[in-house]
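Before any comments, here is the structure.
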Amino acid sequence: MDGTHRGDLLSGDDEGPEEVNDLLDDGGDTVSGVRRFPPRAAPPSPDATETTVLLRDELGLPTVGEIGGDLLGADGEAAARETGLPVRAAGLPARAVADTVIDEADHPGLALRAVSLRGDRNRAAGLPRQESFGLYPLEGFVLAVTACGFPSVRDADRARRLLRRGVADRLPELGAPRRDPGHFRGLCAQLLGRAVQEGPPGSLTAALLRLSPAGETTDCLLFGTDAASARLLRGGAWEPLPATLPAAPDGVHVNGRPIAPGEALLLCGEGLSGPMADAETADRLAAQWGAGRVPGRMEFGRQLDFRADGHDADRTAVCLWGL
């Protein structure tokens, strides 16, 4: 397959022993599955206190300004104010889950960037990130999935991997011309239902894109359980993507809209869709990603690592650019 795809090269990661999967799993399907730890601290310097705070923050230890006495306790808060160092409120997560996962994939007519960030709420409570994403290369297609609103990252990972397996099994039908919208919507609902039927509730959104040469329109099948989790960036403005196939009481949304060169499709959870209700935030992201501007994967992560009043949940997003 032409292009470079750095997402989910361990495409069989949900087929192996469960204990091995847990060791490799970091909440996003990545190129190696090997967890990278923060670098060793540098020798003491005049601003050693500041350096220590940054390292602790990377490990998910809340600073005094992020949490209150109810979480720290009176003794913990007093110690924090006396030393100037952050104090852990509820300990590091029991299961090692990466605080942040970033991925990318590049093809001649398509660019993908993805990130999942732990929110301030989970960070302050010493809890791990609960959301995840997956970028999956299939035969002539790319599948992008976001799993948000689940009780744990393990539940999110399980649901999106089951969805990926179902899509791979039914790829000939999903990639065929959609002559029967009702049957097609039913197929998408069946795949989503199977992915979450045995687990706790959450929101799954998927985009199946047919790989095409640069400069041509990319066929895209968008389906999910949350209508607010997808939008299109076109002409410098965001457009919601309502269902274009018959809706149903089960809450499944299906959209067959193609992506033209210069347009961008965004899949995200409440951690980003909430802040984007603010026009200033939406306009800033449109300016950063519009007119065919595709950021590097680290730049994409930094652009989404912002604070928004009243929105402290995990933030997971996948953006797909037509080239």
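We use all heavy atoms of the structure for the numbers below, so side chains are in, but hydrogens, waters and symmetry mates are not.
- Without hydrogens or angle criteria, Asp312 side chain to Asp120 main chain gives no donor-acceptor distance under 3.5 Å.
- Qualifying ring-ring contact (aromatic ring centres under 6.0 Å, His included) partners for Phe300, counting only residues two or more places apart in sequence or in other chains: Trp289.
- Note that the CG atom of Leu163 and the CG atom of Leu204 stand 6.0 Å from one another [nearest 0.5 Å].
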Side chain to side chain contact (heavy atoms under 4.5 Å, CB included) between Ser273 and Arg231: does it pass, once the steps are laid out?
CA-CA 9 Å; Ser273 64; Arg231 58 197 71 196; 3.5 Å; yes

One pair to check against side chain to side chain contact (heavy atoms under 4.5 Å, CB included): Val142 and Leu138. What are the steps and the verdict?
CA-CA 6 Å; Val142 170; Leu138 302 175; over 6 Å; no

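- Leu222 pairs with exactly one of Leu208, Leu267, Leu232 by the side chain to side chain contact (heavy atoms under 4.5 Å, CB included) rule, that one being Leu267.
- The closest side-chain heavy-atom distance from Met298 to Ile102 is below 4.5 Å.
- You'll find the side chain of Leu323 stays beyond 4.5 Å of the side chain of Asp106, heavy atoms only.
- Under a 3.5 Å cut-off, the side chain of Trp321 and the backbone N or O of Leu110 do not form any donor-acceptor pair.
- Between Gly202 and Thr225, the closest heavy-atom pair is O-OG1, 4.0 Å.
- Here the side chains of Asp283 and Trp238 are not in contact, with every heavy-atom distance at 4.5 Å or above.
- In this structure a side-chain-to-backbone donor-acceptor pair under 3.5 Å is present from Arg113 to Pro295.
- For the pair Arg284 and Phe306, the cation-pi test (distance below 6.0 Å, angle within 45°) is passed.
- For Gln130 (side chain) and Pro151 (main-chain N/O), a donor-acceptor pair under 3.5 Å exists by modelled atom type.
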Step-by-step side chain to side chain contact (heavy atoms under 4.5 Å, CB included) determination, Leu174 to Leu187
CA-CA 8 Å; Leu174 292 169; Leu187 174 59; 3.7 Å; yes

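- Within the model, atoms CG of Asp309 and CG of Asp278 stand 9.5 Å from one another, a figure rounded to the nearest 0.5 Å.
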Extract all donor-acceptor atom pairs below 3.5 Å that involve side chains of residues 189-197 and protein atoms in other chains or at least two apart in sequence.
residue: Gln190; atom: OE1; partner: Arg170; partner atom: NH1; Å: 3.1

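- Inter-residue side-chain proximity for Leu233 and Glu263 is flagged as unmet; no heavy-atom pair is nearer than 4.5 Å.
- Under the 3.5 Å distance criterion, the side-chain polar atoms of Arg315 are matched with a main-chain donor or acceptor of Leu304.
- The line from SG of Cys220 to CG of Asn255 is 7.5 Å long, rounded to the nearest 0.5 Å.
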Show your working on side chain to side chain contact (heavy atoms under 4.5 Å, CB included) between Leu272 and Thr316 and close with a plain yes or no.
CA-CA 7 Å; Leu272 182 58; Thr316 299; over 6 Å; no

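- In this structure, Thr100 and Arg118 have side chains that are not in contact, with every pair of non-hydrogen atoms separated by 4.5 Å or more.
- Rounding to the nearest 0.5 angstrom, the gap separating the OG1 atom in Thr217 from the CD1 atom in Ile259 is 10.0 Å.
- Closest approach of Arg293 and Gln288 over heavy atoms only: CB-O, 3.7 Å.
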Quick one, Ser132 with Arg160, criterion side chain to side chain donor-acceptor pair (under 3.5 Å). Give me CA distance, side-chain angles, the key distance, then yes/no.
CA-CA 8 Å; Ser132 68; Arg160 65 176 170 79; 2.8 Å; yes

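- Within the 4.5 Å cutoff, the side chain of Val318 has no heavy atoms near those of the Leu265 side chain.
- No side-chain heavy atom of Val115 sits less than 4.5 Å from a side-chain heavy atom of Gln303.
- Between Arg185 and Val254, the shortest heavy-atom distance links the atoms CG-CG2, 3.6 Å.
- Going from atom SG of Cys319 over to atom CD of Glu104 covers 13.5 Å, rounded to the nearest 0.5 Å.
- Considering all non-hydrogen atoms of both residues, Val101 and Ala98 come closest at CG2-CB, 4.0 Å.
- With rounding to the nearest 0.5 angstrom, the CE atom of Met276 is 12.0 Å from the CD atom of Glu270.
- Here the shortest heavy-atom pairing between Arg257 and Leu241 reads CD-CD2, 4.0 Å.
- Side-chain contact between Leu171 and Phe141 is present, with at least one heavy-atom pair separated by less than 4.5 Å.
- Pairing each heavy atom of Asp314 with each of Gly119, the nearest pair is OD1-N, 2.8 Å.
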I would like to know whether Asp99 and Arg123 meet salt bridge (Lys or Arg N to Asp or Glu O under 4.0 Å); could you show each step before the answer?
CA-CA 9 Å; Asp99 182 279; Arg123 188 187 307 278; 2.9 Å; yes

